[in-house]
There are 2 protein chains.
Amino acid sequence: MGKSDSLGEFEQVALLALIRLGSNAYGARIRAEIAERTGRDVSLGAIYTTLERLERKGFVSSARGAPTPERGGRAKRFYKIEAPGERALRKSRETMDRMWEGLVPAPSAG
Amino acid sequence: MGKSDSLGEFEQVALLALIRLGSNAYGARIRAEIAERTGRDVSLGAIYTTLERLERKGFVSSARGAPTPERGGRAKRFYKIEAPGERALRKSRETMDRMWEGLVPAPSAG
DNA sequence: CCATATATTCGACAATGTAGGAAAAATAGG
DNA sequence: CCTATTTTTCCTACATTGTCGAATATATGG
């Protein structure tokens, strides 16, 4: 059994993408956001699988969107981070912050 | 094949513990450092396994220490983070920083 | 209907997380 | 020397995460 509720690296990234995208978080968008921010080019399968697992744990919720008025295509599924997810995310960040504390000369300088 | 060289959450924690402990990083100490900093109580087995994998990838190196002058016990094995490990660690942090960018009201104030 | 454009779901397998107990050294005492 | 005891590492196993690529489901213009 999982010890508690710590998040994996990619889970954190996915959750953060949801926060950034707000009400427009669905597969392709999430993937693009991650690629843009981190340069990491993950597959859609990776994203859906991860989100599915997080949903099962109550960290995110999802809802089917209305049929797209665009060209064609299946209805989107929008994801949203839930309170437990935000808590876990914040906690993960704090853990890393404590481990990094006092180690960096110049923080995020690129 | 592993896509590149991203580190898992615990791998990052372990690597950071090595940096913090400097020349005194071995099993029990590493475990204590992690527990103290993060409140997370992992087993020694978890630590050795993780370090072993990181060593195989060239992220850390290790060397047997001199016989203990204490009561009894096997010789310690000291671990040290290597340049590739530091690079990967820094990169992981930067990735998370970019994902968190602009999201927190008050970051680490410690 | 059909070809095509989007999206999501499935099925698999690799990598990481994590424990617990066996095994290896080291040493004090009888 | 032998053994009980101590400290630390190593091995084995299994759960959870990371990640893909192919399969499947919907829409819609012709």
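Each chain gets a letter, A, B and so on, in the order the sequences are listed, and its residues count up from 1. No hydrogens, no waters, no symmetry mates; every other heavy atom, side chains included, goes into these values.
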Phosphate OP1/OP2 of D/dT26 contacted by A/R64 side-chain N/O (<4.0 Å): no
Nearest-Å distance, [atom1] ([X]) to [atom2] ([N])?
X     : N      : atom1 : atom2 : value
B/I30 : D/dT8  : CD1   : C1'   : 12 Å
B/K76 : D/dT6  : NZ    : P     : 16 Å
B/R77 : C/dA23 : CZ    : C1'   : 15 Å
B/Y26 : C/dA24 : OH    : P     : 22 Å

Under 4.0 angstrom, heavy atoms only, what part of the nucleic acid is [X] near: base, sugar-phosphate, or nothing?
X     : result
B/L7  : nothing
B/L44 : base
A/G45 : base

Proximity to DNA chain C (any heavy atom under 4.0 Å), residues of residues 8-19 of chain B only: B/G8, B/E9, B/F10, B/E11
Close residues, residues 49-60 of chain B, relative to DNA chain C [heavy-atom separation under 4.0 Å]: B/T49, B/T50, B/R53, B/K57
Quick check: do [X] and [Y] have side-chain heavy atoms less than 4.5 Å from each other?
X     : Y     : value
B/R29 : B/K76 : no
A/L7  : A/F59 : yes
B/I19 : B/L89 : yes

Side chain to side chain donor-acceptor pair (under 3.5 Å) involving B/R31 - partner list, sequence neighbours excluded: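 For B/R31, no residue satisfies side chain to side chain donor-acceptor pair (under 3.5 Å) once neighbours in sequence are set aside.
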Heavy-atom donor-acceptor pair, A/R20 side chain to B/E101 backbone, under 3.5 Å: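 Yes, A/R20 side chain to B/E101 backbone: donor-acceptor pair under 3.5 Å.
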Check: A/R98 side chain, B/R37 main-chain N or O, donor-acceptor pair, under 3.5 Å: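 Yes, the answer is positive, given that a donor and an acceptor are paired below the 3.5 Å cut-off.
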Side chain of B/R74 (C-beta onward), nearest among C/dA25, C/dA7, C/dT18: C/dA25
Residue B/S43, side-chain heavy atoms: nucleotide from D/dT19, C/dT9, C/dT18 that is nearest: C/dT18
Contacts of type side-chain contact (heavy atoms from CB on, under 4.5 Å), residue A/A17, not counting sequence neighbours: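 Listed in chain order: A/I30, A/E33, A/I34, B/M99.
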Listed once per pair and sorted, the side chain to side chain donor-acceptor pair (under 3.5 Å) pairs that draw on residues 51-62 of chain A, sequence neighbours left out: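 Qualifying pairs: A/E52-A/R56, A/E55-A/S62, A/E55-A/R77, A/S61-A/E82, A/S62-A/R77.
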Contacts of type ring-ring contact (aromatic ring centres under 6.0 Å, His included), residue B/F10, not counting sequence neighbours: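 Result, ring-ring contact (aromatic ring centres under 6.0 Å, His included) vs B/F10: none returned.
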